[in-house]
Amino acid sequence: MTKATNLIWHESEVSKSDRRELKRHKSAILWFTGLSGSGKSTISSALEKELYIHGIHTYRLDGDNIRQGLNKDLGFSPEDRTENIRRIGEVSKLMVDAGLFALTAFISPYQGDRTLVRELVEPDEFIEIYVKASVETCEERDPKGLYKKARAGEIKGFTGIDAPYEEPAHPEITIDTNVLNVEEAVEAIVDYLKENHYL
Ligand SMILES: Nc1ncnc2c1ncn2[C@@H]1O[C@H](COP(=O)(O)OS(=O)(=O)O)[C@@H](OP(=O)(O)O)[C@H]1O
Ligand SMILES: Nc1ncnc2c1ncn2[C@@H]1O[C@H](COP(=O)(O)OP(=O)(O)O)[C@@H](O)[C@H]1O
C-alpha cells in the first residue's frame, strides 16, 4: 500500500532500452536463494567476477551487507524478512532499469516474497537461482559458526533450525552444491544466460 497521495510518475528522457543499448547487453535480476551456508555469497561473487571480466555491468546485493545499511532497522521475524525482501526487490528493479544485472544473495525463505519480487519486473527479468544444500551440509560447513550458536539456543528463529525455508517450486536454475563446485556452478549459470540470450 502506498501511504502518500497525489503522486505523478515522471518519465525520464533516457529509457531502460537506451541504457541497455549503451551497455550492449540486457539486464535482469539473478535472485540467489538458499539456506545460510548454502553458497549464495560464494557463487554470486564468483559469477559477478566472471561477468565483469566479460564486460557485463553488474551489482551484487548481499544480506549480511545490506542489513548493516539500508535494512539495518530489520531483524529476522517473518514480517521483517518479508520487508527485507520487498525492499531488495524494489532496489533490484531499479538496477534492472539502470541496465545492470542485479545479483542478490538473500536467504529469502518465503515463496510468497520471492513471487512478489518476480511480479515486480517483466517475466524475463527475474531469474531465480536455487542454491541447494541440505541443512546437514550447511551445518557441517558452518562458515560463520551460526548453526552452532542456533543449536546452542543463542540465536532464535534461525532458518533451517527453528525457522522455515520454503524451497522454490519452479526456479529457473538449481545449483546442487553437493554435485557442482563453485567453478561449475558459475559455468552452469553463464550457460543458462547464453542459451537464453541474456549474454
Ligand atoms: N535468525 C537468522 N536466520 C537466518 N540468518 C541469520 C539469522 N540471524 C543472523 N543471520 C545472518 O543473516 C544472514 C541472512 O540474512 P538475509 O537478509 O539473507 O535473510 S532473509 O532473506 O531476510 O531471511 C545470514 O547470512 P547468510 O549466511 O549469508 O545467508 C546469517 O549470516
Ligand atoms: N559447491 C559449493 N558452492 C558454494 N560454496 C561451497 C561449495 N562447497 C563448499 N562451499 C563452501 O560453503 C560455504 C558457503 O558460504 P556462503 O557462500 O557464505 O553461503 P551463504 O551466502 O549461502 O550463506 C563457503 O565456505 C564455501 O567455501
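Throughout, numbering of the chain's residues begins at 1 and tracks the sequence. First listed ligand is number 1; within each ligand, the first listed atom is number 1.
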Peer 1: Counting only heavy atoms, which portion of Leu35 has something under 4.0 Å from ligand 2: side chain, backbone, both, or neither?
Peer 2: backbone
Peer 1: So, are Lys40 and Asp64 salt-bridged, with charged N and O less than 4.0 Å apart?
Peer 2: no
Peer 1: For the pair Glu83 and Arg86, find out whether any cationic side-chain nitrogen is under 4.0 Å from an anionic carboxylate oxygen.
Peer 2: yes
Peer 1: Is a salt bridge present between Lys16 and Glu125, judged by a nitrogen-to-oxygen distance below 4.0 Å?
Peer 2: yes
Peer 1: Has Gly157 got any heavy atom lying under 4.0 angstrom from an atom of ligand 1?
Peer 2: yes
Peer 1: Heavy atom under 4.0 Å from ligand 2: found in Pro143's side chain, backbone, both, or neither?
Peer 2: side chain
Peer 1: For ligand 1, which atoms, with element, lie under 4.0 Å from some heavy atom of Phe158?
Peer 2: 1 (N), 2 (C), 3 (N), 4 (C), 5 (N), 6 (C), 7 (C)
Peer 1: Considering only heavy atoms, which of Tyr165, Phe76, Phe106, Tyr147 lies nearest to atom 19 (O) of ligand 1?
Peer 2: Phe76
Peer 1: Considering non-hydrogen atoms of the protein only, which is the closest contact for atom 23 (O) of ligand 1, and what is the distance?
Peer 2: Arg81 NH1, 2.8 Å
Peer 1: May I ask you to check if ligand 2 and Ser38 share an N or O to N or O distance below 3.5 Å?
Peer 2: yes
Peer 1: Does Glu183, at its CD atom, have more than 12 non-hydrogen atoms belonging to other residues, nucleotides or ligands within less than 6.0 Å?
Peer 2: no
Peer 1: Does any N or O atom in Ser41 lie less than 3.5 angstrom from one in ligand 2, N or O only?
Peer 2: yes
Peer 1: Taking 4.0 angstrom as the limit and counting only heavy atoms of Ile43, give me the atoms of ligand 2 inside it, by number and element.
Peer 2: 3 (N), 4 (C)
Peer 1: With atom 28 (O) of ligand 1 as the reference point, say which of Lys144, Lys40, Arg141 has the nearest heavy atom.
Peer 2: Lys144
Peer 1: Identify, by atom number and element, the atoms of ligand 2 in contact range of Thr42, meaning under 4.0 Å from any of its heavy atoms.
Peer 2: 14 (C), 15 (O), 16 (P), 17 (O), 24 (C), 26 (C)
Peer 1: What protein heavy atom sits nearest atom 16 (P) of ligand 1, and how far off is it?
Peer 2: Arg67 NE, 3.6 Å
Peer 1: To which of Leu146, Leu35, Asp64 does the heavy atom nearest atom 13 (C) of ligand 1 belong?
Peer 2: Asp64
Peer 1: Within the structure, is a non-hydrogen atom of Asn178 found at a distance of less than 4.0 Å from ligand 2?
Peer 2: no
Peer 1: Quick one: which ligand 2 atoms are inside 4.0 Å of a heavy atom on Ser36?
Peer 2: 23 (O)
Peer 1: If you measure from atom 5 (N) of ligand 1 to every heavy atom of Ile107, Thr82, Thr42, which option wins on shortest distance?
Peer 2: Ile107
